[in-house]
Amino acid sequence: MPSLFTRIPLAGNYPAAVTLALLALSPYLILTTATALMEPQIMRDIGATPYELQLTSGMSNAGYAFGAVACADLVQRLARRLVYLVCECGFVLATVLALSAQNLGMFSTGVVFQGLFTGMLLVAALPPLIIGHPIERLRTTAVVVSLGLFGMVAFGPLVGGIVGSFGGWRPLFAGIGTLALIGLIVGSLTFERNEPPDRRARFDWTAIPLALGTTALPFFGVSWLTRGEFSDPEFYVPVIVGLACGVFLVGGQYRKAHPLMPVRPISNTLPVVGTLNAMLVGASFTTLLELIEVYLTREGAFSPVRIGALVTPQILGVLVASLLFRRLMSTRWTPVLALCGTVSLAIGGAILLAADTSNSAVTIPFASFFLGFGAGAGVTPGLFLAGFSVPSIQIGPTFALVELLRSEAAFLIGPVLLHFALIEGLADGFRQSVGITLGITVFGAVSLVTLYLLGGARPEAPDLVSWHAGTSTGYHSPALLARLRKA
């Protein structure tokens, strides 16, 4: 009989597993959109400049994207439970370092490691939740994934607005650390032991270094725009080299017989459309939210709490999209829902074209709802279109790849268009940047529909029973551009 010290009391308990996953992802994802409205306080307390804080944020986001890939490599050789517990401990310590920071070095180190460990927790915690419980739970799990990713991102501005207006960023970090500590306790009582798939798996010397270059270099480059210009080599050289690393990363994984990330299996029509849609929606959502916050702060002199309240309807939008995905996930309408997310973002962008400081009480909440719905309906279905296109055992590396690409798009386009708006003057630059984002969204939506049709894909329900059992993929997607190849 197992002793009290060897058995795991909540192993197999679904509510506990849901709590574990949410506590693993939520703390950091709240901070990603809360920090912008707390920046003046943080800069004053640690003596940082806007560039230094932007660089910290950029490297933290790079750490998140890189951490997902690094964890996909680690869990081949190490037990997921061990990886989860170490990463959760690391997140708690990183948070303590950030909240107690007296200077930029301490704060930046803590925040960057928060991003790194959260990216690793994404790959360590989500796959067991998705495939480790009865298939009847799968639809609810999809809601958890949606709320854990974009629900918390949508919640961040409200939290940041309250803290930015009334003070207390250190207590907020203390609360974030407390949530992570609870996650560590829940995880130690819940996360089941497992044997890693291949303890002798070799370190992927082609994927990991390239993934580091793909994330760190471009994110440094766009951070430079806070103090420099588009013509500066400090901007365009890291961006170009980093994007080249990304091309070599994806191309190398496609050609390898035993890749770290399953690029070849998700190079068919449905997963490609889903991944590109997630990238497009993530980039547009992040860009428009940043533009709203900066415009209302600098042009309208709105208080942080007022800005946070105005964009709060995006939470409702994410919730509605998540519940709708719960109903549609097992049907043939998932690609349609992903497209609806992109259309919803376009609607939100069109509303923002009419927004100004005098009508913001109406236009911003209205637009925010469509932005939130677009994020929830566009990203999570896109993730699962890719995830259901590979065997269930590969969903972790698949999510790592999609999140890497989505983060790359989201955190590159936003700072570039924000800098463009500032150069043009916010009164006009805000609308111009919103118009560019809207154009990218509409063009992207049309291109994705065209790609879907050229692939010859027809709406079909995924075979979730076979996928969950590990005997087959959920989708049997036609090859990319299949109709042109037959012509």
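All values derive from a computational prediction rather than experimental measurement.
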Mind checking whether Y64 and L116 have side chains closer than 4.5 Å, heavy atoms only?
no

Could you name each residue pair satisfying side chain to side chain donor-acceptor pair (under 3.5 Å) that touches residues 369-378, not counting sequence neighbours?
none

Given L371, T363, L310, the one that forms side-chain contact (heavy atoms from CB on, under 4.5 Å) with I292:
L371

Look up atom CZ in F373 and atom OG in S322, then write down how far apart they are to the nearest 0.5 Å.
9.5 Å

F113 atom CZ, neighbour heavy-atom count above 12 within 6.0 Å
no

Y84 side chain reached by L20 side chain, heavy atoms, under 4.5 Å
yes

Any non-hydrogen side-chain atom of F155 less than 4.5 Å from a side-chain atom of L158?
yes

Those residues at least two apart in sequence (or on a different chain) that pass ring pair (Phe, Tyr, Trp, His ring centres under 6.0 Å) with W333 are none

Looking just at side-chain N and O atoms, do Q114 and T95 make a donor-acceptor pair shorter than 3.5 Å?
yes

Using only atom types and a distance under 3.5 Å, with no angle test, would you say the side chain of T312 pairs donor to acceptor with the backbone of G308?
yes

Give the ring-plane orientation class for Y14 versus H133, where under 30° counts as parallel, over 60° as perpendicular and anything between as tilted.
perpendicular

Among L385, V272, T398, which one satisfies side-chain contact (heavy atoms from CB on, under 4.5 Å) with I266?
T398

Side chain proximity check, M59 to S108, heavy atoms < 4.5 angstrom
no

Residues in side chain to side chain contact (heavy atoms under 4.5 Å, CB included) contact with L225, at least two apart in sequence or another chain:
F230, F235, V416, H419

Check: Q253 side chain, M261 main-chain N or O, donor-acceptor pair, under 3.5 Å:
yes

Has R306 got its NZ or CZ under 6.0 Å from the middle of the six-membered ring of F302, at an angle within 45 degrees of the ring axis?
yes

Aromatic rings F220 and W224: how do their planes relate, parallel, tilted or perpendicular, breaks at 30° and 60°?
tilted

Checking R326 against T140 for the side chain to side chain donor-acceptor pair (under 3.5 Å) test, could you report, in this order, the C-alpha distance in whole Å, the side-chain angles of both residues, the deciding distance, and whether it holds?
CA-CA 6 Å; R326 184 181 188 277; T140 301; 3.3 Å; yes

A side-chain contact here means heavy atoms from C-beta on lying under 4.5 Å apart; do E290 and T287 qualify?
no

Please check this pair: side chain of S392 against backbone of W467, looking for a donor-acceptor N/O pair closer than 3.5 Å.
yes

Side chain to side chain donor-acceptor pair (under 3.5 Å) between S472 and D463: does it pass, once the steps are laid out?
CA-CA 8 Å; S472 175; D463 183 1; 5.1 Å; no

Out of curiosity, T437 OG1 to I413 CD1, how far, rounded to the nearest 0.5 Å?
8.0 Å

Y295/F430 under ring-ring contact (aromatic ring centres under 6.0 Å, His included): CA gap, chis, key distance, verdict:
CA-CA 7 Å; Y295 176 72; F430 170 74; 4.2 Å; yes

Taking C-beta and beyond as the side chain, do F411 and V222 meet within less than 4.5 Å on heavy atoms?
no

So, taking the atom named CE in M329 and the one named OG in S146, what distance separates them when rounded to the nearest 0.5 Å?
12.0 Å

Could you tell me the separation between the CG atom of L249 and the OG1 atom of T214, rounded to the nearest 0.5 Å?
5.0 Å

What I'd like to find out is whether the side chain of M152 reaches to under 4.5 Å of the side chain of Y28, using heavy atoms alone.
no

Within a reach of under 6.0 Å around CD1 of I135, are more than 12 heavy atoms found that belong to other residues, nucleotides or ligands?
yes

Please indicate whether F366 has more than 12 foreign heavy atoms, meaning atoms of other residues, nucleotides or ligands, lying under 6.0 Å from its CZ.
no

Where is the tightest heavy-atom contact between E52 and A48, given as atom of each residue plus distance?
OE1-CA, 3.4 Å

Answer yes or no: is there a side-chain heavy-atom contact under 4.5 Å between Q314 and L289?
yes

